[in-house]
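Data block below; observations after.
Chain A is the first sequence line, chain B the second, and so forth, proteins listed ahead of strands; every chain is numbered from 1.
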Amino acid sequence: MRTTQFHLQTRKETPADAEVISHQLMIRTGMLSRLGSGLYNWTPLGLKVLRNIEKIVREEMDKAGCLEMIMPTIQPAGLWEETGRWDKYGDLLLKIKDRAGRDFCFGPTHEEVITDFARKEIKSYKQLPITFYQIQTKFRDEIRPRFGVMRAREFLMKDAYSFHLSTDCLKETYAKIHQAYCNIFERIGLTYRPVEADSGEIGGTGSHEFHVLAESGEDAIAYSTGSDYAANVEKCEVLAPTKPRPEATQELEIVDTHHKKSITEVADFLSISPKKLIKTLLVEGVDGPVALVLRGDHELNEIKANNLPEVAAPFTLLEDDAIKKVALCDAGSIGVKDLNCTIIVDRAVTIMSDFVTGANENDKHLTGVNWERDASYGQVADLRNAKAGDPSPDGKGKIKIARGIEVGHIFQLGDTYTQSMNAVVLNEQGKSQHMTMGCYGIGVSRVVAAAIEQNHDEKGIVWPQQIAPFTVAILPMNMKKSERVKQAANDLYNELKALGVDVIIDDRKIRPGVMFADAELLGIPHHITIGDRSLDEGEVEYKSRKEMENVRIKQSDIVGHIQSLLEA
RNA sequence: CGGGGUAUAGCGCAGCCUGGUAGCGCAACUGCUUUGGGAGCAGUGGGUCGGGAGUUCGAAUCUCUCUACCCCGACCA
C-alpha cells in the first residue's frame with residue numbers, strides 16, 4: 001500500500017472524551033470514528049486489524065471442526081418469548097417493530113436462533129455432535145457504553161454453538177474449543193489467562209472466561225502462585241479459615257459512636273482495625289429479609305450472595321424504610337445481636353471474637369461482642385471476594401489478583417434452551433431426546449482494544465505482528481528530491497510486496513519527523529528508513545517498533561533480514 | 001434510572017457573567033523557503049454558535065423547552 005493511496009488520518013491531539021489508552025490511540029491513529037454513543041465506524045485502517053483477528057479466529061474454529069454460517073441480526077420476538085428472555089433479558093435487548101407492528105429485536109446473542117435452526121435441521125443422533133459459528137455484529141443496549149470499542153453497543157462477535165446427545169460429548173467439544181481459544185490468543189500474540197467463571201444468566205454448569213491481562217481491565221482475576229488455578233474473583237472460592245476462634249476476653253459494652261456510620265469511620269473513631277468490626281448487610285430474601293455478615297475489611301461478593309437459596313434473585317439491598325423495620329435503626333448501626341431475621345455469616349466471621357458491631361440503635365455500636373455468648377448466626381457461607389494473600393482454593397499456593405479484559409467466554413449450557421424450545425433428536429433407541437448445548441464467544445472488536453491496552457508505549461501502538469495493520473513500513477527520506485532514494489524505496493517496496501509481505505510505503509511529501517511519528521503511532525512492527533545518508537554506504541536502516549533501535553543493514557540483505565524476522 | 005457536566009469550523013478550545021452579527025491553536029488548501037524527528041513566512045477556504053420557542057431594535061450571550069454526548073453512582077449498614 002502507498003500512503004497516498006490509503007486513507008490515513010492521524011491526529012496529534014487526544015480527543016477529550018476518550019478515557020482509556022486504547023480508545024485514545026484508536027481515535028488518534030484514525031482506526032475508529034464515533035457515530036453515536038457506543039457506535040463506531042471502523043476505517044480502512046482499523047478494519048485491517050479487525051480482519052486479521054477474524055482470520056485467525058476463523059482458521060482455528062475451522063481447525064476445531066466448527067462450521068461457519070450467518071444468522072440474521074434482526075430476530076423475531078417469538079423465539080425470545082419461547083425461552084422467556086424477551087422479558088428476562090431486560091433493557092439490554094433493543095426491541096423494534098416492523099411495518100406491520102410485529103415485534104423484533106436486534107440480536108445481542110444467538111442462542112434462540114441457532115436452537116431454532118437446530119431443531120428444524122437436526123433430527124438424528126447421527127448428525128451429532130455438530131458446532132456452528134458465525135462472526136458478525138451484535139447489539140446490546142448497554143447501560144453505559146464506554147472505553148470505545150471495549151464496551152460498545154454494536155460490536156463484532158464470534159459466537160459458536162455446539163449440539164450433543166450427551167454431557168460427555170459436550171465436555172469433549174468444550175475441551176476442544178478451550179484449546180482452540182488458547183491457540184487463537186497465542187497466535188494473536190496476547191498475554192492471556194483462561195479462568196474459571198460464573199456461568200451467570202445464561203445458565204449451565206462449566207464455564208471459562210478468557211482474559212487479556214491489562215491494568216485497565218474491568219474484571220479482577222484471582223490466580224494462584226503455586227498452581228495453574230485461575231478464576232474470576234466473582235467465582236473464586238475463599239476457603240474456610242483453619243485457625244480456631246480466640247477466646248472471648250472482653251465484656252460486652254455499648255458505646256456512643258455519634259454520627260459515625262461507615263466501617264472506616266467507626267474503626268477510626270474507636271482506634272481499632274476494620275478487621276475487628278463486622279458489617280451487616282440486609283438484603284431481600286426468598287422468605288423475608290436476610291442479613292449477610294462480613295468482616296469489616298472484606299468485600300461482599302454479590303454473585304456468591306445471589307447464588308444462595310435464601311437470597312432472592314436478583315440480589316437487592318433493602319431500602320431504608322425496610323431496614324428500619326428489621327433493625328429498628330438506620331443503615332450504619334445495624335448489628336447481629338438480637339437481629340430478627342435469617343443471619344448468614346461469612347466463613348471468616350466465624351473465627352472472630354471481641355468484635356464490634358452495630359447496636360441496632362442509631363449512633364450506637366457494641367464492642368467486645370462474642371459469638372454464642374452475645375449473638376448467634378443461622379448458617380455459614382462463602383460470601384466475600386477473594387483477595388491477595390488468601391490460600392488458593394486448590395490448596396496450592398496463595399492468591400494474587402490481576403486485572404483482565406474479558407475477550408472470550410465459553411459455557412456448557414446443558415439443555416436449558418433445547419428444553420424450552422423443544423429441540424429434540426432421535427437417539428440410538430429411536431426415542432426423542434433433548435439435545436445438550438455448549439456456547440462459545442469471542443469479542444472480536446474488543447480483542448482489538450485489549451491488544452492495544454496490552455501493547456503500547458508513549459509513542460503509540462506496538463502491534464503484535466500477527467494483527468498489525470501493516471507488517472513493514474518503508475520510510476523514504478526526501479524521496480521527492482533524491483531520485484536514488486525513490487528508486488531504492490520503490491524497488492524494496494515491490495520486492496516485499498511480491499513476497500506477500502503487507503508493506504506500506506510512505507510516499508507523502510512530508511517532513512521526516514511526521515513520517516517517523518506516524519509510523520510509530522500506527523505501531524507498524526518493522527520500519528525501514530531509506531535515505532541518501534545510508535545509501536552512500538550501500539545500506540538502509542532497520543528499526544523494530546518494539547526495540548526502537550536503528551540498525552544499519554546492507555541494502556542487499558534487507559529483504560532476507562525482514563523475511564527471517566517474519567518467520568521467527 | 002438517579003446525580004453532575006458539556007454542546008461554538010474536521011479536532012482541541014476561548015467568547016457567554018456585562019446582548020451589538022464570531023475568534024485562537026491544530027488540521028485542510030495555495031505559494032515561497034526548509035528537508036533525518038510532528039518546520040517557517042505569507043495567504044485561502046470552512047461555522048444554521050445542538051434543535052425549537054420566547055424576551056429584545058438586536059441573542060452564541062438572557063429565559064423556557066427538547067435533543068445529543070461525557071462523567072459519577074448499584075459497599076453507609
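To the nearest whole angstrom, the two P atoms, one in B:U61 and one in B:U21, are 14 Å apart. Remark: the separation of the C1' atoms in B:G43 and B:A53 is 43 Å, to the nearest Å. Look at the P atom in both B:C11 and B:A28: the space between them is 15 Å, to the nearest Å. B:C69 and B:C32: their C1' atoms are spaced 43 Å apart (whole Å). The separation of B:A68 from B:A27, taken at their C1' atoms, amounts to 25 Å, rounded to a whole angstrom. The P atoms of B:A22 and B:G47 are separated by 12 Å, rounded to the nearest whole Å. Using atom P as the reference point in both B:C62 and B:C49, the two lie 15 Å apart (nearest Å). A distance of about 16 Å separates the P atoms of B:A74 and B:G3, rounded to the whole Å.
At most 12 non-hydrogen atoms from other residues, nucleotides or ligands lie less than 6.0 angstrom from CG of A:D91. By the 6.0 Å contact criterion, CD on A:Q379 is enclosed, its count of non-hydrogen atoms from other residues, nucleotides or ligands being greater than 12. Annotation: A:I510, atom CD1; neighbour count of heavy atoms from other residues, nucleotides and ligands within 6.0 Å is above 12. Heavy atoms of other residues, nucleotides or ligands lying less than 6.0 angstrom from NZ of A:K48 number more than 12. Within 6.0 Å of CG on A:D536 lie more than 12 heavy atoms contributed by other residues, nucleotides or ligands. Residue A:K325 places its NZ atom among 12 or fewer non-hydrogen atoms of other residues, nucleotides or ligands, all under 6.0 Å distant.
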Worked check of salt bridge (Lys or Arg N to Asp or Glu O under 4.0 Å) between A:R484 and A:D532: CA-CA 8 Å; A:R484 185 166 64 141; A:D532 282 316; 3.0 Å; yes

Heavy-atom contacts, protein to nucleotides 40-52 of chain B, under 4.0 Å, summarised as B (base), S (sugar-phosphate only) or - (none) per nt, yield -------------

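Taking the charged nitrogens against the carboxylate oxygens, A:R552 and A:E537 do have a contact shorter than 4.0 Å, which makes a salt bridge. Between A:D390 and A:K398 there is no salt bridge, since none of the side-chain N atoms of the basic residue sits less than 4.0 Å from a carboxylate O of the acidic one. Note on A:R151 versus A:E142: salt bridge recorded, some NZ/NE/NH1/NH2 to OD/OE distance being below 4.0 Å. Using a 4.0 Å cut-off between charged side-chain N and carboxylate O, A:E453 and A:R403 make no salt bridge.
Base pairing of B:C76 is not made with any nucleotide, judged by Watson-Crick or G-U wobble geometry with both donor-acceptor distances under 3.5 Å. Using the Watson-Crick or G-U wobble rule with both distances under 3.5 Å, B:A59 pairs with nothing in any strand shown. Summarising the base pairing, B:C64 is matched to B:G52 through a Watson-Crick or G-U wobble pair whose two defining distances lie under 3.5 Å. Figure legend. B:G10 is base-paired to B:C26; pairs are counted as Watson-Crick or G-U wobble with both atom distances under 3.5 Å. B:A39 is paired with B:U33 under the Watson-Crick or G-U wobble criterion, all donor-acceptor distances under 3.5 Å. For B:U21, there is no paired nucleotide, since no Watson-Crick or G-U wobble pair has both relevant distances below 3.5 Å. Here B:C69 sits opposite B:G5 as a Watson-Crick or G-U wobble pair (both hydrogen-bonding atom distances under 3.5 Å).
Closest-nucleotide positions on RNA chain B for A:T529 and A:R146 were compared, and the one nearer the 5' end corresponds to A:T529. Along RNA chain B, the nucleotide closest to A:Q9 and the one closest to A:E520 are compared, and the more 5′ of them pairs with A:Q9.
When the side-chain nitrogen and oxygen atoms of A:S37 are compared with OP1 and OP2 of B:C70, one or more of them lie within a distance under 4.0 Å. Using a 4.0 Å cut-off, some side-chain N or O of A:R511 falls inside it from OP1 or OP2 of B:A39.
For A:P512, taking side-chain heavy atoms from C-beta onward, the closest of the listed nucleotides B:G36, B:A77, B:G38 is B:G36. When each of B:G37, B:A77, B:G36 is scored by its nearest atom to the side-chain atoms of A:K459, the top-ranked nucleotide is B:G37. Considering only side-chain atoms of A:I263, the nucleotide from B:C70, B:G38, B:A77 that sits closest is B:A77. Of the candidate nucleotides B:U35, B:C71, B:A39, B:U35 has the atom nearest to the side chain of A:N478. Of the candidates B:G38, B:G36, B:U35, B:U35 carries the atom nearest the A:K481 side chain, counting heavy atoms from C-beta on. Which of B:A77, B:C1, B:G38 sits closest to the side chain of A:I143 comes down to B:C1.
Residue contacts shown for A:R144 include a base, since a base heavy atom lies under 4.0 Å away. Using a 4.0 Å heavy-atom distance criterion, A:K480 is classed as making no nucleic acid contact. Contact annotation for A:G358: no contact, since no heavy-atom pair falls under 4.0 Å across all strands. Across all strands shown, A:K543 has heavy atoms under 4.0 Å from base atoms, whether or not it also approaches the sugar-phosphate. At the heavy-atom level, A:R384 lies nowhere under 4.0 Å from the strands shown. Using a 4.0 Å heavy-atom cutoff across all strands shown, A:D91 reaches no nucleic acid atom at all.
Between the CE atom in A:M352 and the CG atom in A:N370 there is a gap of 10.0 Å [rounded to 0.5 Å].
Protein atom CD of A:E19 is 10 Å distant from nucleotide atom P of B:C70, rounded to whole Å. Atom CD1 of A:I27 is separated from atom C1' of B:C69 by 14 Å (rounded to the nearest Å). Residue A:D518 contributes atom CG, which lies 12 Å from atom P of B:A27 at whole-angstrom precision. Going from atom CG of A:D506 over to atom C1' of B:G37 covers 13 Å, rounded to whole Å. Nucleotide B:A77 holds its C1' atom 6 Å from the CD1 atom of A:I323, rounded to whole Å. Here B:U35 presents its C1' atom at 15 Å from CG of A:L475, a figure rounded to the nearest Å. The nearest whole Å value for the distance from the CG atom in A:L92 to the P atom in B:C1 is 14 Å. The interatomic distance linking A:I334 (CD1) with B:C75 (P) rounds to 13 Å, in whole Å.
In the region residues 266-303 of chain A, proximity to RNA chain B at under 4.0 angstrom, judged on heavy atoms, holds for A:K279, A:T280, A:E299, A:L300, A:E302.
Aromatic ring pairs are classed by plane angle as parallel below 30°, tilted from 30° to 60° and perpendicular above 60°; the pair A:H23 and A:Y40 is perpendicular.
Looking at A:V349, A:L366, A:D374, A:T357 one by one, the single match for side chain to side chain contact (heavy atoms under 4.5 Å, CB included) with A:V336 turns out to be A:T357.
If you look at A:W463 and A:F470, their ring centroids are not closer than 6.0 Å.
Side-chain contact annotation: A:N41 with A:S33, donor-acceptor N/O pair under 3.5 Å present.
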Would you tabulate the pairs of protein nitrogen or oxygen atoms and nucleotide nitrogen or oxygen atoms of nucleotides 2-13 of chain B closer than 3.5 angstrom?
none

